[in-house]
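First the structure, in the form of structure tokens, and then the observations on it.
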2 protein chains.
Amino acid sequence: MSDPSPAVARAGFPVSRQVLADHVYEALLEWLMDGRLEPGAAVSIDGMARELDVSPTPVREALARLEHTGMVRRVALKGYRVAPVFTREDFAELMEARLSIEPVNARLACSRMTPEGLDALKQAVEDLKTAPRGGTFAEYRSYLEADERFHQLIAAQANNQFLLAAYNTLGGQIQRFRLFGGVGITDAEQAIAEHQAVLDAMTSGDPGKAAEMMVDHVEKVRGRAMADAPEE
Amino acid sequence: MSDPSPAVARAGFPVSRQVLADHVYEALLEWLMDGRLEPGAAVSIDGMARELDVSPTPVREALARLEHTGMVRRVALKGYRVAPVFTREDFAELMEARLSIEPVNARLACSRMTPEGLDALKQAVEDLKTAPRGGTFAEYRSYLEADERFHQLIAAQANNQFLLAAYNTLGGQIQRFRLFGGVGITDAEQAIAEHQAVLDAMTSGDPGKAAEMMVDHVEKVRGRAMADAPEE
DNA sequence: GAGCGCGGATTCCTATAGGATTTGTGCATG
DNA sequence: CATGCACAAATCCTATAGGAATCCGCGCTC
């Protein structure tokens with residue numbers, strides 16, 4: 001225990017209501033999303049416990065939750081591993097799933113959009129445009145974050161807990177692919193334009209158009225990624 | 001430890017490769033699906049450990065996995081509870097999500113169907129027709145099981161790991177609703193006919209028709225449930 | 001009678017210990 | 001050289017202990 005204030009924020013305000021397992025979960029998730037843990041790497045329970053200076057118990061609990069997201073995989077008595085790199089087929093399946101869910105989200109989000117939601121979407125697209133796109137991860141990290149946020153916001157605005165949960169499961173995988181898909185950010189201009197097209201449809205309140213633009217976007221993402229990384 | 005052979009099947013064959021947490025997970029899932037744990041009921045970690053005669057550690061791990069399925073909910077420092085009863089709005093959202101995902105699954109499953117898969121589907125519909133539909137849960141349990149199996153098989157035949165995962169998350173909720181939706185099995189004849197229609201489209205190899213019939217089925221399920229339980 | 005404070009019991013949470021299993025290494029053998 | 005085996009280290013898995021938080025019933029006060 002190095003942290004002297006486990007659950008108490010300033011002035012005795014227990015606003016946190018978080019236990020160690022929650023912190024471990026978030027730390028691991030961040031490491032996975034950041035690429036600090038590479039695909040296929042072993043995630044030792046005891047090792048992580050030492051690393052984070054906690055006991056193995058909360059680490060075990062956090063990993064059990066993570067397993068269900070597909071970010072890590074478990075083999076009984078052998079431990080956890082970061083999910084392996086996407087194959088070409090995995091990627092195709094992921095895009096197929098996105099094409100099934102995201103246009104529906106876009107359609108619903110458009111018809112149920114709140115002014116605050118629309119503002120947040122505009123902000124996300126704005127962040128995409130202004131984000132640095134350098135070669136190192138630290139540079140284009142904010143770009144990836146804004147990309148993910150755009151799609152996440154649409155899923156949230158669809159106002160359906162089950163569709164949101166379904167998207168979130170995909171979202172983690174999408175983010176993972178963005179990191180380890182091999183290519184950096186080579187299609188920013190086109191991707192931004194496609195995001196803008198979705199946003200425009202949302203702004204004009206045309207659900208059908210929003211769905212159509214989302215289909216267009218995902219299909220083009222698929223096309224570009226398939227062209228960029230043709231090797232198996 | 002009452003079980004003398006934890007992971008060793010006959011003749012020293014460790015085929016099981018299951019640890020205690022896996023068994024606890026399955027036991028809890030079965031209890032949830034069976035309705036033995038009612039919505040809103042507290043699921044005490046220590047209590048479950050006593051009940052199953054294991055230590056709290058594997059129970060904690062199993063519950064952490066279950067939380068992500070939406071079957072139980074956790075509040076830090078307060079414990080787990082079975083997810084509350086579906087409200088009318090929850091149900092509407094669930095059906096909206098099904099309408100987004102299941103027709104896609106049906107379409108893909110139809111175009112990728114294997115002979116074995118088709119046989120399994122036929123068996124499921126056959127089981128639906130012959131299952132007893134008495135008033136007690138023990139009686140119509142096999143009916144619910146066959147219903148769930150039919151949809152699950154289609155999701156599996158769609159041959160897309162992400163869509164399957166998305167459906168499985170829904171599937172648990174659907175099953176939970178079937179149990180606690182208030183009404184018993186009052187629509188068996190119509191539901192069976194709708195399932196048969198989907199199966200027929202699959203057999204004839206018409207993906208568009210399969211998707212259409214699935215839309216029809218889910219919409220009618222929604223209609224009947226909304227009519228049966230109009231009270232909020 | 002209603003509201004409030006205060007133990008006691010219950011439960012959650014984390015750490016630790018030790019048994020069981022897997023993994024890696026070195027050495028002997030064919 | 002390849003193969004198999006023994007042994008050691010690392011890791012997973014489960015049980016247990018004890019601190020911390022929550023819940024519950026009781027008595028007190030207003």
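The sequence lines fix the lettering, A, B, ..., with proteins before strands; numbering per chain opens at 1. Small disclaimer: the values here were computed from a predicted structure and weren't measured.
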With a 4.0 Å cut-off, would you call A:Asp22 and B:Arg74 a salt bridge?
->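 Answer for the salt bridge query: yes.
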
Under the ring-ring contact (aromatic ring centres under 6.0 Å, His included) rule, collect the residues that match up with A:His68, sequence neighbours excluded.
->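 Result, ring-ring contact (aromatic ring centres under 6.0 Å, His included) vs A:His68: B:His68.
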
Of all residues at least two apart in sequence or in a different chain, which pass the ring-ring contact (aromatic ring centres under 6.0 Å, His included) check with B:Tyr25?
->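 Listed in chain order: nothing, the list is empty.
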
Could you walk me through whether B:Arg178 and B:Glu148 pass the salt bridge (charged side-chain N to carboxylate O under 4.0 Å, His left out) check?
-> CA-CA 10 Å; B:Arg178 289 198 189 100; B:Glu148 171 62 20; 3.2 Å; yes

Does the ring centre of B:Phe180 sit less than 6.0 Å away from the ring centre of B:Phe86?
->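 Not under 6.0 Å, so no.
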
Quick one: is [N] close enough that its OP1 or OP2 comes under 4.0 Å of any side-chain N or O from [X]?
X       : N      : answer
A:Ser55 : C:dA15 : yes
A:Lys78 : C:dT23 : yes
A:Arg50 : D:dT11 : yes

Calculate, to the nearest 0.5 Å, the distance between atoms CD1 and CG belonging to B:Ile174 and B:Asp147 respectively.
->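 Interatomic distance, B:Ile174 CD1 to B:Asp147 CG, rounded to 0.5 Å: 8.5 Å.
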
Most 5' of B:Thr57 and B:Tyr80 on DNA chain C, judged by nearest nucleotide |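 Whichever sits nearer the 5' end wins; that is B:Tyr80.
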
Can you see whether [X] engages [Y] through a side-chain donor-acceptor pair at a distance of less than 3.5 angstrom?
X        : Y        : value
A:Gln123 : A:Asp127 : yes
A:Gln161 : B:Asp90  : yes
A:Gln175 : A:Glu145 : no

Among residues 61-74 of chain A, which residues get a heavy atom nearer than 4.0 Å to DNA chain C?
->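 Here the set is empty: none.
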
Between [atom2] on [N] and [atom1] on [X], what's the gap in Å once rounded to a whole number?
X       : N      : atom1 : atom2 : answer
B:Arg81 : C:dT11 : CZ    : C1'   : 12 Å
A:Leu77 : C:dG19 : CG    : P     : 17 Å
A:Leu20 : D:dG19 : CG    : C1'   : 13 Å
B:Gln18 : D:dT14 : CD    : C1'   : 16 Å

Considering only heavy atoms, which members of residues 40-48 of chain A lie under 4.0 Å from some atom of DNA chain D?
->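 DNA chain D contact set from residues 40-48 of chain A: A:Val43, A:Ser44, A:Ile45, A:Asp46.
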
I'd like a list of close polar pairs between nucleotides 5-8 of chain C and the protein, N/O only, cut-off under 3.5 Å.
none

Evaluation steps, salt bridge (charged side-chain N to carboxylate O under 4.0 Å, His left out), between A:Arg149 and A:Glu126 | CA-CA 12 Å; A:Arg149 178 152 44 91; A:Glu126 206 55 37; over 6 Å; no

Nearest-neighbour nucleotide for the A:Arg60 side chain, D:dC13, C:dC13, D:dT16 considered =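 Side chain of A:Arg60 sits closest to D:dC13.
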
Output every pair passing side chain to side chain donor-acceptor pair (under 3.5 Å) with a member in residues 31-51 of chain A, not counting sequence neighbours, ordered by first then second residue.
->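 For residues 31-51 of chain A: A:Asp34-A:Arg141.
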
